[in-house]
Each structure stands twice: as C-alpha cells, then as structure tokens.
Amino acid sequence: MNAITDLRGLGIGGLARLTGVAIETIRYYEKIGLMAPPPRTRGGHRSYGSEHVERLRFIRRARALGFGIGEIRALLVLSGGGADSCARAREIASDRLADVRAKRDGLARLETILSDTIAQCDARCCAGAAPACPVLEILET
C-alpha cells in the first residue's frame, strides 16, 4: 500500500472524498466489521486517520476487482503478512479469476444466441414473410 502522511481528525465526508467511497458505504463497512470504527471527537463525530484511508482504498480496489466481502475480509487478514499469506492470496485471486472466466464464457454463449436470433429475425422480416418473431419465440420457449 502507498504510505499516506499521518492524517488525524478526518471526518467521514473527508474520508469519502479522499477515497471515492460513499459515506453510507463507509458506515456499512464499519457495521459489518470490515473497517474498525474510528475514535470519536467530544462532539461524537468520527475522527479518521491514515490507517482508515489505506484500508478503505484497499477495500475499494478489491471491490473493483469483483472480490466479495468474505474474500476481502480474508485478504485484509493476509495483508498483515505471514508464512503462507501470499500463497493463500494467490488462491483467492485464482478462484476469482475462474469466476470471471466462467462469466465471460456465459456471456459469449448469450451473445451467440442473441446474435443468431436477431439474424433470424432480420432474415424473416426482410423477406416480407411476417411469420412469428424469432426474438419473441425464444422468450416463449
């Protein structure tokens, strides 16, 4: 992670602006324990520091890569180091990659079906035959 200068007393709005994460999302991450709640000021306002910024940026990047909350929780634990942390992080990332590839393959199949159906529709409609619509037929079967 990039080291951030020591920030203290950052409010939730400032944290949101600095990290690009919505205020409600920050509160949610605190609620589910993904982020430790920050200390509070005498007035009861949250007071975030650089460690919160770094952790939230880590979470945001992991979410952008499609990792789920459970996977992020595990990756955060692994980011602390340890003998097998790299191997375990690689395993989690490999599982995510397999999911991405499966979704890509499913989308490719869907693309073929839709493309073929539209081509059938174009061929029928252009021929002036006005039979049943292939797009509607595929949805009815």
Side-chain angles (χ1 to χ4, degrees), residues 1-127 129-141:
M1 286 186 228
N2 293 338
I4 297 173
T5 57
D6 189 29
L7 297 173
R8 289 284 161 223
L10 187 64
I12 196 166
L15 180 64
R17 281 188 299 281
L18 198 56
T19 60
V21 176
I23 291 172
E24 288 305 314
T25 303
I26 294 169
R27 289 184 181 134
Y28 172 70
Y29 290 158
E30 289 175 11
K31 181 180 176 182
I32 64 170
L34 211 53
M35 285 188 52
R40 301 263 183 169
T41 65
R42 287 185 188 179
H45 297 283
R46 292 171 171 89
S47 180
Y48 296 94
S50 56
E51 68 279 4
H52 296 101
V53 173
E54 289 178 8
R55 187 171 187 102
L56 196 51
R57 285 181 174 167
F58 182 102
I59 294 167
R60 188 194 71 222
R61 286 189 297 265
R63 293 295 289 159
L65 291 171
F67 289 104
I69 297 297
E71 294 165 322
I72 294 171
R73 194 179 308 278
L75 290 167
L76 283 165
V77 169
L78 295 171
S79 71
D84 67 338
S85 61
C86 187
R88 179 67 183 119
R90 183 184 188 284
E91 182 181 318
I92 293 169
S94 293
D95 290 347
R96 180 73 197 118
L97 179 59
D99 290 343
V100 167
R101 287 178 173 159
K103 286 178 184 176
R104 179 198 60 204
D105 294 346
L107 286 172
R109 285 190 297 277
L110 180 59
E111 177 186 25
T112 300
I113 292 167
L114 287 171
S115 178
D116 291 350
T117 303
I118 291 168
Q120 290 174 17
C121 186
D122 290 345
R124 288 185 191 177
C125 293
C126 291
C133 175
V135 174
L136 298 176
E137 283 179 349
I138 196 170
L139 295 174
E140 292 172 349
T141 57

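Because the structure is predicted, anything quoted here is derived from the model rather than measured.
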Verdict with supporting geometry, Ile59 and Val21, side chain to side chain contact (heavy atoms under 4.5 Å, CB included): CA-CA 10 Å; Ile59 294 167; Val21 176; over 6 Å; no
Step by step, work out the side chain to side chain contact (heavy atoms under 4.5 Å, CB included) result for Tyr48 and Ile26. CA-CA 11 Å; Tyr48 296 94; Ile26 294 169; 3.7 Å; yes
Run the side chain to side chain contact (heavy atoms under 4.5 Å, CB included) check on Arg46 and Arg40 step by step: do they pass? CA-CA 5 Å; Arg46 292 171 171 89; Arg40 301 263 183 169; 3.7 Å; yes
Show your reasoning for whether side chain to side chain contact (heavy atoms under 4.5 Å, CB included) applies to Leu107 and Arg104. CA-CA 5 Å; Leu107 286 172; Arg104 179 198 60 204; 5.7 Å; no
When you look at Arg27 and Glu30, which way does the salt bridge (Lys or Arg N to Asp or Glu O under 4.0 Å) test go after all the steps? CA-CA 5 Å; Arg27 289 184 181 134; Glu30 289 175 11; over 6 Å; no
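Summarising the geometry, atom CG belonging to Leu76 is positioned 4.0 Å from atom CZ belonging to Arg55; distances are rounded to the nearest 0.5 Å. Taken from CG in Leu34 to OG1 in Thr25, the straight-line distance is 11.5 Å, to the nearest 0.5 Å. A distance of 10.5 Å separates CG of Asp95 from CZ of Arg90, quoted to the nearest 0.5 Å.
Under the 4.5 Å side-chain criterion, counting only non-hydrogen atoms from C-beta, Arg73 is in contact with Ile32. Leu10 has its side chain out of reach of His52: every pair of non-hydrogen atoms, C-beta onward, lies at least 4.5 Å apart. Put simply, the side chain of Ile69 reaches to within 4.5 Å of the side chain of Tyr29, judged on heavy atoms.
Nearest approach of Arg96 to Leu65, heavy atoms of both residues: NE-O, 3.2 Å. Nearest heavy-atom pair, Leu78 versus Ser85, reported as atom, atom and distance to 0.1 Å: O-CB, 3.4 Å. The nearest pair of heavy atoms linking Phe58 to Ser79 is CE1-CB, 4.2 Å. Leu56 approaches Met35 most closely through the heavy-atom pair CD1-SD, 3.4 Å. Here the closest heavy-atom approach between residue Pro38 and residue Ser47 is recorded as CB-O, 3.5 Å. When every heavy atom of Glu71 is checked against every heavy atom of Gly66, the shortest pair comes out as OE1-O, 4.3 Å.
The number of heavy atoms from other shown groups lying within 6.0 Å of CZ (Arg101) does not exceed 12. Taking a 6.0 Å sphere around CZ of Arg17, one finds it holds 12 or fewer heavy atoms contributed by other residues, nucleotides or ligands.
Remark: Arg57 does not engage Glu54 in a salt bridge, criterion side-chain N to carboxylate O under 4.0 Å.
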